[in-house]
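Each chain gets a letter, A, B and so on, in the order the sequences are listed, and its residues count up from 1.
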Amino acid sequence: MELLSGGEIIIRALKDAGIKHVWGYPGGAALHIYDALYRQDDVHHLLVRHEQAAVHAADGYSRSTGEVGTALVTSGPGATNAITGIATAYMDSIPMVVISGQVPLTKIGQDAFQETDMVGVSRPIVKHSFLVTRAEDIAETIAKAYFIAASGRPGPVVVDIPKDVTDPSYKVAYEYPAEIKMRSYQPSDKGHRGQIRRAVQTLIGAKRPVLYTGGGVVLDNASEHLIALAKILNYPVTNTLMGLGGYPGTDPQYLGMLGMHGTYEANTAMHHADVIFAIGARFDDRVTNDLEKFCPHATVIHIDVDPTSVSKNIEAHIPIVGTCNSVLPEMIGLIEQSDSKPDSDAIAEWWQQIDQWRADQGIYTASRYEESSGNCIKPQDVIKMLYKVTEGKAIVTSDVGQHQMFAAQYYLFDKPRTWINSGGLGTMGFGLPAAMGCKLAFPDCDVACVTGEGSIQMNIQELSTCSQHNLPVKIINLNNAALGMVRQWQDMNYSSRYSESVYEESLPDFVKLAEAYGHVGMKITHIDELEEKMRECFAMKDRVVFMDIDVDRSEHVYPMQMPGGSMRDLWLNKTERT
Amino acid sequence: MKRIISILMENESGALSRVVGLFAQRGYNIDTLTVAPTDDDTLSRLTLTTQGDDHMAEQIVKQLHKLIDTIKVVDLTQGAHIERELMLVKIKASESDIRHELKSCVEIFRGHIIDVTPQTYTVQLAGDSEKLDAFIEAVGEMGIMEVVRSGVSGIARGEKFLRV
Ligand SMILES: Cc1ncc(C[n+]2csc(CCOP(=O)(O)OP(=O)(O)O)c2C)c(N)n1
Ligand SMILES: [Mg+2]
């Protein structure tokens with residue numbers, strides 16, 4: 001058997017776990033690991049400019065591919081810089097392994113230089129964590145970390161490795177476990193057969209059904225099953241912010257996104273539904289609005305792989321614990337065999353009603369905002385243009401704010417894993433590094449980061465990483481010269497007192513900034529130049545292009561649920577409400 | 001309603017802090033907590049008590065189960081069970097009539113006096129939490145110097161058992 005040092009074992013175990021790319025940043029406690037990395041060619045490391053970005057990039061890589069992302073950081077500040085990234089991945093159940101260097105075992109507890117209790121600090125935001133205390137345990141721990149990260153409800157796993165455990169002079173026999181078995185962790189994917197039968201009956205008997213589907217469908221690669229189910233039933237589908245792309249955005253049965261900034265038709269249909277079938281969604285407060293007023297007529301069927309998500313916020317009448325990938329095909333089989341069929345008259349009537357709602361206030365059919373004109377560029381129109389120019393085929397990452405909601409509303413995602421955003425934690429600064437991860441995974445695909453001048457400045461340093469590793473992403477900066485989403489809330493709830501949501505004259509010249517990093521910068525101030533410039537931007541396949549687009553500063557995101565209301569209680573624009 | 005939750009988990013560093021952290025993180029209170037290795041020293045048995053309605057208890061059990069280190073979790077209060085807590089109480093006992101009264105009180109509660117000085121008695125008492133509370137109340141007037149309670153341990157009645 002081969003003898004390897006702890007540092008070498010880490011890299012070899014990564015290779016044996018099938019890991020090709022690691023995003024990271026070196027430092028004292030991780031130097032043995034970095035030296036082992038240098039002496040091999042199997043695992044490719046990408047140096048970022050801030051550890052938060054390493055984790056977001058690994059996250060973007062994972063979200064776009066479905067594989068487990070990997071980040072490597074040093075102890076202390078390296079580890080704490082990674083925390084926001086880990087929390088982001090945790091909230092959205094993204095499979096990821098973060099390896100952190102730690103001070104030597106002999107120094108742990110002594111407030112050593114760059115010592116932070118990483119297992120302790122990360123505890124509430126990881127699926128699991130390990131502190132490795134022997135070189136002999138590294139391979140198995142890393143194998144376990146990948147197994148845990150990817151299985152069940154996925155999530156980030158931290159592996160904290162003290163420097164002396166990676167000592168190059170101490171070599172041990174290397175063996176990567178062929179299989180991982182843990183008596184305390186045996187995720188199951190099969191749903192309860194009897195419950196699935198009941199669910200099918202209820203679903204077939206529905207008169208006003210809605211399929212409400214979330215990130216679970218995307219994470220579980222169950223999109224095709226969802227489409228098949230929706231098609232045999234002819235039922236309407238709405239996606240959560242995390243579920244976009246799980247059902248094709250251009251399909252006629254699609255109602256658009258639901259929730260706080262969901263469409264009128266999706267939220268209204270939910271409110272009136274008699275059966276809600278939640279698939280890999282978790283009844284987040286940004287979806288349900290006031291729980292007491294949530295969907296008063298509905299029988300709730302809920303599939304989730306995580307039992308704690310079921311009946312947490314909303315009591316499920318028919319709970320099914322299992323993966324979408326296993327439960328949905330089973331349901332489809334049962335529906336096909338069943339003698340009873342959906343009540344086609346009732347469903348036709350339901351569709352008539354929904355089409356009426358769409359015609360009245362639909363986000364894509366009714367004009368929800370004034371069109372752009374001259375120097376007044378509407379942010380919504382920028383997203384529509386992005387959709388047009390990229391033919392709906394780009395991978396779109398976003399930051400957090402109004403621009404994120406406009407992207408979610410107006411870019412119609414037809415495929416899962418093409419909409420990449422921090423839905424759960426809402427992390428500004430996510431978009432650019434996540435885009436790097438997507439571009440690494442899909443070099444031939446257009447990758448656009450829809451951002452705002454606030455968010456982009458939270459990880460702008462990664463423009464340098466894009467140069468070093470040749471990651472030609474496109475940055476679509478909806479520049480409204482404000483923390484727009486904050487300002488919107490201040491408009492609506494604080495009589496437009498803009499407390500700290502504007503920058504006065506301090507914004508950088510983004511064109512020059514992009515150029516300083518060796519990229520192309522473009523400034524767009526007139527609607528007439530938008531299409532041409534955007535086409536130019538996407539034609540430059542091997543360049544990072546930063547499109548700084550001045551958009552209407554006063555625009556708000558609508559519809560918007562009213563606090564304390566039901567799902568259908570919405571502001572439709574600044575003056576009209578339901 | 002009081003809940004007694006029993007957990008069988010890997011006897012590994014960090015496992016206990018994950019359980020305790022979970023309670024803090026989810027806004028549940030821990031009233032009592034006991035933990036020790038079992039006859040199989042790779043396993044720890046942890047018993048904790050908390051307050052909550054059925055919905056909350058179900059969530060707690062599910063959340064505990066979700067922790068990677070936990071192997072089995074039961075809410076003992078869902079079925080017939082036995083609950084025991086150990087208490088040590090040091091009581092001021094310098095006057096002979098008080099010493100006398102204390103002794104009979106200890107007998108009534110089936111406790112033991114396990115240490116004696118001219119000034120103090122130390123009493124050991126086992127039972128369910130209500131019994132221990134009652135003892136404290138009974139001797140309260142006499143001058144309690146120190147109370148140590150182990151927290152609740154529990155086990156299901158009858159044939160049911162918690163084992164890997
Ligand atoms: C790291 C972080 N800090 C603060 C917030 C709160 N927040 C949410 S949206 C927003 C404004 C974002 O501004 P910008 O990126 O310019 O986007 P806009 O809303 O203007 O489109 C802020 C501050 C956040 N989500 N993330
Ligand atoms: Mg802005």
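Contacts between His65(B) and chain A at a heavy-atom distance below 4.5 Å are absent for every atom of the residue. Interface remark: Gln186(A) contributes no atoms to any contact with chain B (heavy atom separation under 4.5 Å). Contact annotation for Leu22(B): only backbone heavy atoms (N, CA, C, O) come within less than 4.5 Å of a heavy atom of chain A. With a 4.5 angstrom heavy-atom cutoff, Arg183(A) touches chain B via backbone and side-chain atoms both. For a residue to count as touching a neighbouring chain, one of its non-hydrogen atoms must lie under 4.5 Å from one of that chain's; by this rule Ser129(A) touches chain B with backbone and side chain alike. For chain A, the nearby part of Gln25(B) is the side chain; its heavy atoms alone come within less than 4.5 Å. Of the atoms belonging to Ser17(B), heavy atoms from both backbone and side chain fall under 4.5 Å from chain A.
For the residue pair Arg45(B) / Thr38(B), no side-chain donor-acceptor distance below 3.5 Å is found, with atom types taken as modelled.
Using a 4.5 Å heavy-atom cutoff, the side chains of Glu101(B) and Met142(B) are in contact. Glu146(B) is not listed as a side-chain neighbour of Val89(B), based on a closest heavy-atom distance of 4.5 Å or more. The side-chain heavy atoms of Ile82(B) and Arg157(B), taken from C-beta on, include a pair separated by under 4.5 Å.
Among the candidates Thr133(A), Val310(A), Val119(A), Leu131(A), the residue making the largest number of heavy-atom pairs closer than 4.5 Å to chain B is Val310(A). The candidate with the highest count of non-hydrogen atom pairs below 4.5 Å against chain A, out of Asp69(B), Val164(B), Val61(B), is Asp69(B). Per-residue heavy-atom pair counts under 4.5 Å with chain A were compared for Gln63(B), Glu12(B), Glu58(B), Lys72(B), and the maximum is reached by Gln63(B). Most heavy-atom pairs under 4.5 Å with chain B, from the set Pro124(A), Gly152(A), Gly120(A): that is Pro124(A).
For His192(A) (side chain) and Gly194(A) (main-chain N/O), a donor-acceptor pair under 3.5 Å exists by modelled atom type.
In this structure, Ile9(A) CD1 and Ile161(A) CD1 are separated by 10.0 Å, a value rounded to the nearest 0.5 Å.
Residues Ala139(A) and Ala13(A) come closest through the heavy atom pair CA-CB, 4.3 Å.
If you look at His302(A) and Phe283(A), their ring centroids are closer than 6.0 Å.
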